[in-house]
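In what follows, every heavy atom counts, from backbone to side chain, and hydrogens, waters and symmetry copies are set aside.
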Amino acid sequence: MDNLDYGVVGNCKTAALISKEGSIDWLCFPVFDSPSVFSKLLDKDKGGSFSFIVSDSYRITQNYFKETNILCTRFASDEGVFEVLDFMPRYKTRGDEYYIPSEIYRYIRLIDGKPRFRINYTPVMNYARDSVIHKKFAYFIRTFSLVDGNDNIYLYSSIDFDTILNQEEIILEQDQYMLLSYSQKLANIDINRAYLEYQRTKIYWLNWNNRSRKFIEYNDYICRSLLALKLMCYESSGAIMAALTTSIPETIGEVRNWDYRFCWIRDASMSIETLIELGHHSTAKRFMSFVKDILKSKSDSLQIMYGIDGSRTLKEEILPHLAGYENSQPVRIGNAAYFQKQNDTFGYLMDVIHSYYFRFPGTLGELEEMWEVVKSIVRTVYMVWRNPDQSIWEFRNIEKNFVFSKVMCWVALDRAIEIAKLLNQTDYVSAWQKEAMAIKEDVMQNGWNDQIQSFTQAYDNTHMDSSLLLMEQYGFIDANDDRYIKTVKRIKEELYHNGLMYRYKVDDDFGLPSSAFTICTFWLTRALFMIGEKGEARKIFDQLLEYSNHLGLFSEDLDFETKRMLGNFPQAYSHLALIDTALLFSEERKYINFIKP
């Protein structure tokens with residue numbers, strides 16, 4: 001069965017997807033949302049890749065080096081064994097500055113014998129729209145676009161350049177390296193430098209992971225998910241992406257193919273809450289800076305999503321020349337959802353601002369700036385909460401009074417009230433409490449359906465929706481409330497299928513969804529746990545973990561029948577939910593303070 005059997009390496013500036021055979025099939029330079037250099041992921045023939053060609057006698061295995069984002073692909077046969085260590089440099093230089101160049105090292109380590117291989121180096125610039133020319137220099141190969149000569153990359157290597165370009169056989173007798181960089185290097189690059197960068201990067205990731213809380217059960221899954229979430233953080237702005245890819249389909253052969261290399265306020269806020277919970281406050285602080293940057297003026301409206309640099313316009317474009325992942329077209333770049341109305345967004349953002357105030361407040365000036373953001377969000381909620389929107393699921397042509405959107409508007413006001421109390425801004429509290437109560441009463445009256453004994457997707461229908469499972473998690477309703485218990489059970493009855501969950505089971509803009517949305521199964525697990533069905537919850541959770549790929553990574557979706565992963569990859573949404581759910585079943589492993597720095 002074909003699957004998203006990829007590892008990911010990155011440095012919070014860009015990232016690469018590397019297949020279990022060691023092929024770089026997706027890489028964008030110089031940053032995450034730049035045009036691709038390798039895009040075999042989206043077109044096996046045209047996309048280009050960077051791989052090792054070995055005979056069929058080689059057994060290939062892959063794993064991460066301990067708890068880092070350094071990927072090790074091992075090639076073993078009777079004639080010899082070698083490993084390829086893939087990583088993007090990331091380490092602290094001075095103060096709070098990090099060295100994060102747009103480049104990837106491939107350190108080839110000889111383990112035993114005299115293994116043989118060839119190198120396939122076929123970059124194709126600008127989403128495979130531009131053919132390239134290779135030009136050899138004394139210390140590097142410069143590869144540049146025939147359309148734009150300034151669009152170029154540099155390959156440094158201890159291996160002979162002609163041997164690489166001509167795909168000649170290499171007999172490995174000592175360690176070698178390859179460095180692919182967006183920029184020409186000023187420092188001398190040799191095997192010693194490559195090894196030094198490897199060690200520096202390894203130490204950075206080990207130290208970063210060491211600051212995470214550790215748990216008795218599921219700790220390996222939690223650590224890998226945390227490391228995956230960190231890779232989706234854009235250092236320059238503090239934005240957090242939904243995923244590292246574009247246009248991996250939710251279902252093979254269908255058209256639900258979207259570009260996720262952007263910062264959704266919803267996904268990012270949820271990710272930040274999880275990172276805060278696990279001890280990584282610095283990443284959360286950078287995200288709060290991102291929020292302040294996108295709302296520079298009191299008149300700036302809050303969008304549901306932004307470019308990773310804070311850009312507000314994310315024009316969607318189709319690339320018809322690419323065949324798509326397993327011939328699933330269209331391939332899209334950009335995302336037209338940026339101008340949608342999704343009223344749930346305000347609740348997620350206010351929830352993370354609430355954590356900011358209560359867990360790691362900044363300077364007086366920063367607190368005052370963020371207070372202006374709080375008041376701005378509240379004013380917006382006042383104006384929009386009664387209106388229909390396009391829901392958490394981003395329906396493109398459907399607007400309704402979605403119950404969960406109303407719930408999250410209540411969350412926005414509820415958290416704002418707590419913040420106002422903390423800041424002694426009591427003049428705001430009573431008015432906000434009155435409006436929050438109006439929202440809750442409206443949901444209880446119009447969102448609950450006596451006939452089916454459940455909350456519903458929207459005020460005017462009786463459909464089930466997985467997002468309703470989150471009503472308890474955000475404090476809108478108690479887990480012991482009979483209405484919530486009945487809703488959870490009805491959702492499970494209607495949306496749970498073959499061990500996985502539908503988001504909803506009704507036609508949308510593109511027909512009836514046919515794949516399982518991974519995060520929804522995590523939500524069901526949590527909801528069952530909270531209403532007391534802990535045994536069933538753990539059973540579903542343990543089964544779901546088995547559907548990750550060989551490295552413990554998850555995409556957005558799963559096929560109900562084959563359990564293959566679908567949708568963009570890796571998915572922040574899926575991994576943050578994995579962590580949150582795992583914490584239900586495991587106690588923290590305690591350390592004496594002076595033992596664990």
Side-chain angles (χ1 to χ4, degrees), residues 1-6 8 17 26 41-42 221 225 228-229 232 241-262 264 266-267 270-271 324-332 335 337 391-396 464-467 469-470 491 494-525 540-541 543-581:
M1 178 183 71
D2 290 328
N3 201 12
L4 286 166
D5 287 326
Y6 283 94
V8 180
L17 267 63
W26 180 252
L41 180 72
L42 299 178
Y221 285 100
S225 291
L229 286 177
M232 287 179 264
M241 291 185 302
L244 297 175
T245 59
T246 180
S247 300
I248 301 179
E250 296 179 20
T251 303
I252 299 299
E254 294 190 5
V255 297
R256 299 172 192 264
N257 314 332
W258 315 109
D259 192 347
Y260 277 12
R261 297 171 298 159
F262 303 107
W264 271 259
R266 173 188 61 244
D267 302 44
M270 286 181 164
S271 297
Y325 180 84
E326 294 200 13
N327 296 312
S328 297
Q329 291 182 318
V331 173
R332 294 181 172 96
N335 197 306
S391 98
I392 183 177
W393 306 123
E394 298 181 359
F395 297 123
R396 293 209 159 189
M464 291 296 97
D465 192 303
S466 290
S467 64
L469 297 169
L470 296 176
I491 288 174
E494 293 198 14
L495 301 184
Y496 186 61
H497 174 66
N498 281 356
L500 299 170
M501 285 284 289
Y502 286 96
R503 284 169 283 185
Y504 45 86
K505 209 170 179 181
V506 61
D507 283 351
D508 56 22
D509 307 278
F510 304 99
L512 187 69
S514 57
S515 61
F517 206 63
T518 305
I519 194 173
C520 296
T521 309
F522 287 121
W523 289 347
L524 176 66
T525 302
I540 293 172
F541 182 60
Q543 186 65 62
L544 182 56
L545 292 180
E546 293 184 11
Y547 303 147
S548 71
N549 76 1
H550 62 298
L551 297 169
L553 298 176
F554 278 96
S555 64
E556 179 186 48
D557 306 273
L558 287 161
D559 184 278
F560 277 109
E561 305 305 323
T562 66
K563 307 302 189 285
R564 68 173 294 182
M565 291 195 298
L566 298 163
N568 283 310
F569 174 88
Q571 177 83 353
Y573 229 177
S574 299
H575 283 284
L576 70 89
L578 185 159
I579 295 169
D580 292 344
T581 309

Using 30° and 60° as the class boundaries, would you call the ring planes of Trp393 and Phe517 parallel, tilted or perpendicular? perpendicular
Can you tell me how far OG of Ser548 sits from CG of Leu4, rounded to the nearest 0.5 angstrom? 12.0 Å
Decide side-chain contact (heavy atoms from CB on, under 4.5 Å) for Val255 and Phe510; before the verdict, give the C-alpha distance in whole Å, the side-chain angles of both, and the deciding distance to 0.1 Å. CA-CA 8 Å; Val255 297; Phe510 304 99; 3.8 Å; yes
Any donor and acceptor pair, going by atom type alone, linking the side chain of Ser328 with main-chain N or O of Ile252 inside 3.5 Å? no
Assess whether side-chain contact (heavy atoms from CB on, under 4.5 Å) is satisfied between Phe554 and His575, documenting all intermediate values. CA-CA 7 Å; Phe554 278 96; His575 283 284; 3.9 Å; yes
Student check: side-chain heavy atoms of Glu556 and Tyr573 closer than 4.5 Å: no
Strictly distance-based, threshold 3.5 Å: is any side-chain N or O of Ser271 a donor or acceptor partner for the main-chain N or O of Asp267? yes
State which residue, out of Ile519, Leu469, Thr518, fulfils the side chain to side chain contact (heavy atoms under 4.5 Å, CB included) condition with Met501. Leu469
Heavy atoms, side chains only, cut-off 4.5 Å: are Leu551 and Val8 in contact? no
With rounding to the nearest 0.5 angstrom, report the OG to CD1 distance, Ser467 to Ile491. 7.5 Å
If you take all heavy atoms of Thr251 and Leu566, which pair is closest and at what distance? CA-CD1, 4.2 Å
Look up atom CZ in Phe522 and atom CG in Leu544, then write down how far apart they are to the nearest 0.5 Å. 4.0 Å
Between Asn257 and Ile248, is there a donor-acceptor pair closer than 3.5 Å when you use the side chain of the first and the backbone of the second? no
Please give me the minimum heavy-atom distance between Leu42 and Ser247, naming the atom from each residue. CD2-O, 4.2 Å
Compare all side-chain heavy atoms of Arg396 with those of Asp508 and state whether any distance is below 4.5 angstrom. no
Do Asp580 and Met270 have side-chain heavy atoms sitting under 4.5 Å apart? no
Taken to the nearest 0.5 Å, the spacing of Gln571 CD from Leu229 CG works out to 10.5 Å
I need the Tyr260 OH to Asn335 CG distance, nearest 0.5 Å. 7.5 Å
Test side-chain contact (heavy atoms from CB on, under 4.5 Å) on Arg261 and Asn568; report intermediate values, then the result. CA-CA 9 Å; Arg261 297 171 298 159; Asn568 283 310; over 6 Å; no
For residues Glu326 and Pro249, determine if any side-chain heavy atom of one lies less than 4.5 Å from a side-chain heavy atom of the other. no
If you define the side chain from C-beta out and look only at heavy atoms, does anything of Leu524 sit under 4.5 Å from Ser466? no
Indicate, with yes or no, if the rings of Phe395 and Tyr504 have centres closer together than 6.0 Å. yes
To the nearest 0.5 Å, atom CG of Leu553 lies from atom CG of Leu17 at 9.0 Å
Could you tell me if the side chain of Glu254 sits less than 4.5 Å from the side chain of Ser514, heavy atoms only? yes
Heavy-atom closest pair, residues Ala337 and Glu394: CB-OE1, 3.7 Å
Any donor-acceptor pair under 3.5 Å from Thr246 side chain to Arg332 backbone: yes
When every non-hydrogen atom of Trp264 is compared with those of Ala242, the smallest separation belongs to CE3-CB, 3.6 Å
Under-4.0 Å salt bridge between Glu250 and Arg503: yes
Quick check against the 3.5 Å criterion: does Asn3 have a side-chain atom that pairs as donor or acceptor with the backbone of Met565? yes
Does Leu41 form a side-chain contact (heavy atoms from CB on, under 4.5 Å) with Tyr325? I'd like the steps, not just the answer. CA-CA 6 Å; Leu41 180 72; Tyr325 180 84; 4.1 Å; yes
Closest non-hydrogen atoms of Asp557 and Gly567, given as atom of the first, atom of the second and distance, are OD2-CA, 3.5 Å
Give the minimum heavy-atom separation between Phe560 and Ser515, together with the two atoms involved. CE1-C, 3.5 Å
